[in-house]
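None of these values were measured; they are calculated from a predicted model. Throughout, a chain's letter reflects where its sequence line sits, starting with A, and its residues are numbered from 1.
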2 protein chains.
Amino acid sequence: MKDNQKDNPISSAKRFRKKVNNEPTVEELCSGVRSGRRSMLAKAITLIESNADHHYKKAQELLQQILPFSGNSVRIGITGVPGAGKSTFIDSFGMYLCKKGIKVAVLAVDPSSSLSGGSILGDKTRMEQLARTELAFIRPSPTGGKLGGVHRKTKESIALCEAAGYEVIIVETVGVGQSEVMVRDMVDFFILLVLTGAGDELQGMKKGIMELADAIVVNKADGINEASARKTRDEYNQILHFLQPSTPGWETRAHLCSSLYHKGVEEIWRMIDQFTHQTRQSGVFADRRSQQTKDWLHALITDQLLIQFYGHEKIKEYLPQLERAVVAGDQTVPSAVEDLFSYFYDRK
Amino acid sequence: MKDNQKDNPISSAKRFRKKVNNEPTVEELCSGVRSGRRSMLAKAITLIESNADHHYKKAQELLQQILPFSGNSVRIGITGVPGAGKSTFIDSFGMYLCKKGIKVAVLAVDPSSSLSGGSILGDKTRMEQLARTELAFIRPSPTGGKLGGVHRKTKESIALCEAAGYEVIIVETVGVGQSEVMVRDMVDFFILLVLTGAGDELQGMKKGIMELADAIVVNKADGINEASARKTRDEYNQILHFLQPSTPGWETRAHLCSSLYHKGVEEIWRMIDQFTHQTRQSGVFADRRSQQTKDWLHALITDQLLIQFYGHEKIKEYLPQLERAVVAGDQTVPSAVEDLFSYFYDRK
């Protein structure tokens, strides 16, 4: 998977051109991604994550060319409270897959809350082994932006990873409540990672979150934790018994795992394999992906509308003063909105 | 607060006109709300909650007239897992306020999840005493709609209740993760109601949610529960010690309450009183409201953009077939979006 541009005279020429504006062209990105070069995949994702107007159009052109080659992966979402051991689990699980020759991409979703400003996820140093593996691609969380934008960008990053030949896409999210539903809406299989032996307060999961999961994995089931991990698993299974399954026809169960000692990882992969086989047969797999494609269409529409509105010269000019006017109470919110739309449609 | 329309010949005439199209005019709604008539307030909120295009414009006109009379209340958000006793707490707390002569409105927010279809909140029968009280107004949760729409509609309902003279607005939300952040963003004070003596799994709260709260109330602190309630309170206080406070300068603490025996309710009101006094002095109260007003402006802009787009004749005509095309893989999502925008701007 090494950069072989040096051996290619055409690429070299393009590379020279690149140095002028310092950005690869859509064609370069497309062929770079398609040939599985991680550096080009990283650049393509950076383009997609950019909030600049001119990048948006270029990114959509790239996707247009890339999309026919996407879709051929198993998309796995993983959530859990901070400290549940998401990084070590993904490190262990990802290494297991890479050793089987399966290419793994890890993406992180972290809708930065207005409170915390968001925590950094997908940090390569957290997944020590996986970060050093040729078959793996790890991408930190994009910073800033609204939930809708994060949704679209992550969906598009998944497509890029697939076009680059990654067969398992892991989408990691921090368990702060907003992002789980969004990630569930873009993956095939959703794992809730829980703690054992930790304080009950932190361990507790809300009903809504449990109902999203296709599997609950009790992590750190090793050493002195093992007995309490079994107890925790049984407790979760008891609760799961009373919940609606996240995927029709699939029974969500709790499982034990020790990321540290690589125990239970193989069983989890076999379970996911069984899940995809079963849901492909029943049609649930395809139905879910269809719905997800529709959701993506609408996320993109919303994004476009907002970009066009807030990018409008007159909006940029008048928004600050209208914001001040509503805050000062000099104008009501609906009337300010009416004014803004008059500017937007050049009626004013 | 009785309907005094019968004694007013002008209102009678208007009432007759109303019978023709069966809907009160903006002027009727405005004066009805301003005079504190609950039936008119209910109709005004129904208008705001409507997803019909022609209602949207009328609702914004109404708000335009109403807004100068809004803002004069304490807005309190209340969340908690199902079973935490939100209804009984609000019933008890609301009755305490009404007995002091304070007018109380209860609104419910329940972003219907794609999984559950949403649960019914704000049901009048759940707040038996309060529902029979002249000084209280209880409004069930609007059904359907997206989170952005729910945000705007709830903000506008708060304004209507304030214009109708309600001095305390309680915004209740079910604890499923999506809605807490939204409600926190529209209230002055946020209460997290927790259980005691219940299973640890359900009781556990995630760190992100606790950081939103200005107070944690351990409910059902009575009878055989009292000892464990004290223990729960102390545990929460221990955790709170390590968290960022939700409101600058205000220390979030856990408190005991028995809604059943009306114990602790007075202390909670006194605490809220102290909070508003303190934050008004420090400027935090006004700053938060300013930010909330700005957020509302942007929520309204997004709403308008979506209404205009999806309401466009050509979009209505072509969206279904483009949805089918992307799902079938005949067209990529960005290209379908491009086509839709061409229709939207009549370039096609």
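For the residue pair B/Leu300 and A/Val333, the shortest heavy atom distance occurs at CD2-CG1, 3.6 Å.
Heavy atoms of B/Leu297 lying under 4.5 Å from chain A belong to its backbone as well as its side chain.
The choice from B/Gln60, B/Lys294, B/Gln64 that makes the most heavy-atom pairs within less than 4.5 Å of chain A is B/Gln64. Of the listed residues (B/Thr293, B/Ile301, B/Leu63), the greatest number of heavy-atom pairs within a distance under 4.5 Å of chain A belongs to B/Ile301.
Exactly one residue among B/Lys153, B/His298, B/Gln308, B/Arg152 makes a side-chain hydrogen bond (donor to acceptor under 3.5 Å, both in side chains) with B/Asp303. That residue is B/Arg152.
Aromatic ring pairs are classed by plane angle as parallel below 30°, tilted from 30° to 60° and perpendicular above 60°; the pair A/Tyr343 and A/Tyr318 is parallel.
Residue-environment remark: CD (B/Gln238) stays at or below the threshold of 12 foreign heavy atoms within 6.0 Å.
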